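This one's a predicted model, so the numbers in the text were calculated from it and none came from an experiment.
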Amino acid sequence: MAKETFSSFIKKAQNYGIGEFLEIMGELAQESTKKGRLTRVTKELITLGMALHKQCHRCIDIHTTDARKLGAKNKDIKQVQKIALFMKATPDKEELWEAWQESWAEFSLSKGRLEHHERELIALAIGLVMRNEKQITLHAKEALKSHASPEEVFEVVPIALLMDGAPVLSQIPAVVKAVSDTN
């Protein structure tokens with residue numbers, strides 16, 4: 001989804017009532033299944049990451065199966081599981097944040113089947129579901145630094161909306177700001 005398209009959804013939503021807003025949200029949710037910058041398997045792995053975070057066993061089964069049908073290997077699934085574990089381990093205390101970031105950087109830059117930017121996009125999606133602005137900012141910026149396009153970063157948003165609904169809406173400004181600050 002292009003940044004302009006995403007912004008146009010937000011602008012339209014500000015000018016309408018709740019019925020129109022829900023219609024716009026339906027359009028935005030449909031963006032997650034459209035062909036875009038992210039591959040279909042990447043979108044499934046992103047969704048799997050959120051399912052793991054939410055501990056939705058039915059969702060985990062569905063998205064693991066769908067990812068495998070699209071070509072994901074067991075090593076890909078294991079990496080997504082590790083990302084979900086890292087995100088679950090997000091510290092509450094500020095003094096632990098730097099150590100967490102260092103550990104995350106070591107993992108996200110390590111060898112593996114998933115590219116660095118893919119790991120960051122999966123973590124971004126989980127950060128959206130967590131409603132954790134620090135995580136959203138970190139992973140959006142790191143995804144862009146590791147050669148994800150702004151469009152790829154914004155494609156994560158409707159996927160998170162489908163998985164977690166309205167609570168993700170409050171996190172959209174953090175994504176927009178992180179992309180704006182990085183570009």
- Give a yes or no on this: more than 12 heavy atoms of other residues, nucleotides or ligands lie within 6.0 Å of atom CD of Glu133. no
- Message: Could you report the tightest heavy-atom contact between Gly49 and Ala84, atom names first, then the distance?
- Response: O-CB, 4.2 Å
- Item | Side chain proximity check, Ile83 to Trp104, heavy atoms < 4.5 angstrom | yes
- Message: Once rounded to the nearest 0.5 Å, what's the spacing between atom NZ of Lys177 and atom CD1 of Ile136?
- Response: 13.0 Å
- Any chance the side chains of Ser110 and Arg119 put a donor and an acceptor closer than 3.5 Å? yes
- Interatomic distance, OG1@Thr47 vs CD1@Ile62, rounded to 0.5 Å, equals 11.0 Å
- Item | Neighbour count >12 (heavy atoms, 6.0 Å) for atom CD, Glu95 | yes
- Item | Nearest-0.5 Å distance, NE2 of residue His147 to NZ of residue Lys145 | 12.0 Å
- Message: Check whether Lys141 reaches the backbone of Thr182 with its side chain - one donor and one acceptor, N or O, closer than 3.5 Å.
- Response: no
- Test: Asp76 and Arg68 ion pair at under 4.0 Å: no
- Query: Taking the side chain as C-beta and beyond, is there a heavy-atom pair between Glu94 and Lys134 under 4.5 Å?
  - Reply: yes
- Are the side chain of Ser146 and the backbone of Glu142 linked by a donor-acceptor contact shorter than 3.5 Å? yes
- Message: To check you understand the geometry: which heavy-atom pair defines the closest contact between Ala125 and Ile46, and what is its length?
- Response: CB-CG2, 3.4 Å
- Query: Roughly how far apart are Ser149 OG and Leu38 CG, rounded to 0.5 Å?
  - Reply: 7.5 Å
- Residues Val153 and Leu124: closest non-hydrogen pair is CG1-CD2, 3.8 Å
- Item | Side chains of Leu114 and Ile122 in contact at under 4.5 Å (non-hydrogen atoms) | yes
- May I ask you to test the Ile126-Met130 pair for a side-chain heavy-atom distance under 4.5 Å? yes
- Is there a side-chain contact between His116 and Leu109 (heavy atoms, below 4.5 Å)? yes
- Message: Is there a side-chain contact between Ser108 and Glu120 in this structure, where contact means two heavy atoms from C-beta onward sitting under 4.5 Å apart?
- Response: yes
- Query: How far apart are the closest heavy atoms of Asp164 and Val129, and which atoms are they?
  - Reply: OD2-O, 3.8 Å
- Message: When you compare the side chain of His139 with that of Met87, does any pair of heavy atoms fall below 4.5 Å?
- Response: yes
- Can you tell me how far CD1 of Ile77 sits from NZ of Lys82, rounded to the nearest 0.5 angstrom? 13.0 Å
- For Ala72 and Leu45, the nearest pair of non-hydrogen atoms, with its separation, is CB-CD2, 4.2 Å
- Separation between CD of Gln79 and NZ of Lys111, rounded to the nearest 0.5 Å: 12.5 Å
- Note on the structure: Minimal heavy-atom distance between Asn132 and Gln171, with the atoms involved, is N-OE1, 4.2 Å
- So do the side chains of Ile159 and Met50 get within less than 4.5 Å of each other, counting heavy atoms only? yes
- Message: Between Leu48 and Glu44, does the side-chain contact (heavy atoms from CB on, under 4.5 Å) criterion hold? Intermediate values first, please.
- Response: CA-CA 6 Å; Leu48 175 59; Glu44 282 300 333; over 6 Å; no
- Decide yes or no on side-chain hydrogen bond (donor to acceptor under 3.5 Å, both in side chains) for Thr90 and Gln135, but give the supporting numbers first. CA-CA 8 Å; Thr90 299; Gln135 290 287 13; 2.7 Å; yes
- Query: Are the side chain of Glu106 and the backbone of Ser103 linked by a donor-acceptor contact shorter than 3.5 Å?
  - Reply: no
- Show your reasoning for whether side-chain contact (heavy atoms from CB on, under 4.5 Å) applies to Leu138 and Trp97. CA-CA 11 Å; Leu138 170 68; Trp97 177 248; 4.2 Å; yes
